[in-house]
Amino acid sequence: MKSLVSFVLAVGFVFPACAETIDVEYSRFYSHVKKLDNEDTQALQFAFGFLRVGEGRLCDINQADIVTDKQTMTLDVSKEGRFTVPTERALKLANAYVRIDLKEAANLCDMSVQLETQPSYLKPHYTVEELNFLYAQYEAFFNEMGSFLSFLMPSVTGLMIQFNDENLDYITPEGLPINNGVLQLNEDWLKDAKGITLPEAPLRITALASS
């Protein structure tokens, strides 16, 4: 039986117990963001965060910076507690690291990586061409990763649109239900779609996938 899920990559790092500020080599982030550095996945990004062990929520982050011998660059951290990093080979060569100031003990937080649509592609109205463009971007990523991890990678079956309000219940003008702040568009609907109008720009768009 197929199940619909948002695509989340879990990545394990070992952090010192009881530490609240951690340093992670930029090269570890670079190995992920480099995978999206092409036209087929230009609308996607990896958002990094920390999952609270046993609770399923994100750990709070006070601040995140990229640090080199010569400079410190502050990264934007979302209200949810996720951040993105630039794709800069020079930072890898400079042995940069990402310094994360957590509000909680680091040994209680596991790193996670989420694949999502870049903010510039989030808006309240989409044509069918725009929706299929985003769908194709996720397909391209999954297909590329599946070329050598086919036994692990799921298949893209649609798009998941999430809103800031987790309690949002709404019927779009096209008759599509938003339940608890989430709208799911499966591939069959996308094939016959004429576009969609949302009540507001979404928080994120991720892939629906099945194993």
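Positions are given from 1, in the same order as the sequence printed here. As the structure is a computational prediction, the values presented were derived from the model and not from experiment.
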Does the side chain of [X] reach to within under 4.5 Å of the side chain of [Y], using non-hydrogen atoms?
X	Y	result
Asn167	Asp165	yes
Tyr135	Lys191	no
Phe50	Glu104	no
Ser112	Arg82	yes
Gln63	Val77	no
Val67	Asp23	no
Tyr30	Leu91	no
Leu185	Ile196	yes

Measure the spacing between [atom1] of [X] and [atom2] of [Y] and express it to the nearest 0.5 Å.
X	Y	atom1	atom2	value
Leu44	Leu134	CG	CG	8.0 Å
Arg52	Leu58	CZ	CG	12.0 Å
Leu115	Phe46	CG	CZ	5.0 Å
Asp65	Tyr97	CG	OH	9.5 Å
Tyr126	Ile205	OH	CD1	3.5 Å
Met160	Thr206	CE	OG1	5.5 Å

In the single-linkage hydrophobic clustering (I, L, V, M, F, W, Y; side-chain heavy atoms under 4.5 Å), do [X] and [Y] co-cluster?
X	Y	result
Leu108	Phe48	no
Leu203	Leu131	no
Val128	Leu159	no

Determine, step by step, whether Asp40 and Asn143 satisfy the side-chain contact (heavy atoms from CB on, under 4.5 Å) criterion, reporting the C-alpha distance in whole Å, the side-chain angles of both residues, the deciding distance to 0.1 Å, and the verdict. CA-CA 11 Å; Asp40 291 339; Asn143 289 340; over 6 Å; no
Checklist line | Residue pair Ile100, Thr21: steps toward the side-chain contact (heavy atoms from CB on, under 4.5 Å) verdict | finding: CA-CA 6 Å; Ile100 304 109; Thr21 299; over 6 Å; no
Residue pairs meeting ring pair (Phe, Tyr, Trp, His ring centres under 6.0 Å), one or both in residues 163-204, sequence neighbours left out, come to none
Taking all non-hydrogen atoms of both residues into account, name the closest pair between [X] and [Y] and its distance.
X	Y	value
Val53	Cys109	CG2-N, 4.2 Å
Leu75	Pro86	CD2-CD, 4.3 Å
Leu183	Pro177	CD1-O, 3.3 Å
Tyr26	Glu88	OH-N, 2.9 Å
Lys92	Ser27	CG-CB, 4.2 Å
Ile66	Ala96	CG2-CB, 4.1 Å

NZ/NE/NH1/NH2 to OD/OE distance under 4.0 Å, Lys123 and Glu130: yes
Taking only Lys NZ, Arg NE, NH1 and NH2, and the carboxylate oxygens of Asp or Glu, determine whether Arg57 and Glu55 approach each other closer than 4.0 Å.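 Salt bridge flag = yes for Glu55 with Arg57.
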CG/Asp69: more than 12 non-hydrogen atoms of other groups inside 6.0 Å: no
**Message:** Tell me whether Gln71 at atom CD has more than 12 heavy atoms from other residues, nucleotides or ligands lying less than 6.0 Å away.
**Reply:**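 Atom CD in Gln71 is packed in, count exceeds 12.
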Residue pair Tyr138 / Thr117, side-chain donor-acceptor N/O under 3.5 Å: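 There is such a pair between these side chains.
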Quiz item: Going through the checks in order, is the side-chain contact (heavy atoms from CB on, under 4.5 Å) test met by Asn164 and Lys79?
Solution: CA-CA 10 Å; Asn164 280 289; Lys79 293 180 180 179; over 6 Å; no
Trace of the side-chain contact (heavy atoms from CB on, under 4.5 Å) decision for Asp169 with Asn179:
CA-CA 5 Å; Asp169 291 324; Asn179 297 316; 4.2 Å; yes
Positive for side chain to side chain contact (heavy atoms under 4.5 Å, CB included) with Arg204, one of Glu116, Gln45, Gln118
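Testing each of Glu116, Gln45, Gln118 against Arg204, the sole residue satisfying side chain to side chain contact (heavy atoms under 4.5 Å, CB included) is Glu116.
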Taking Thr197's backbone N and O only, do any of them form a donor-acceptor pair with Glu174's side chain (distance below 3.5 Å, no angle check)?
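Side chain of Glu174 to backbone of Thr197, a donor-acceptor pair under 3.5 Å: yes, one is there.
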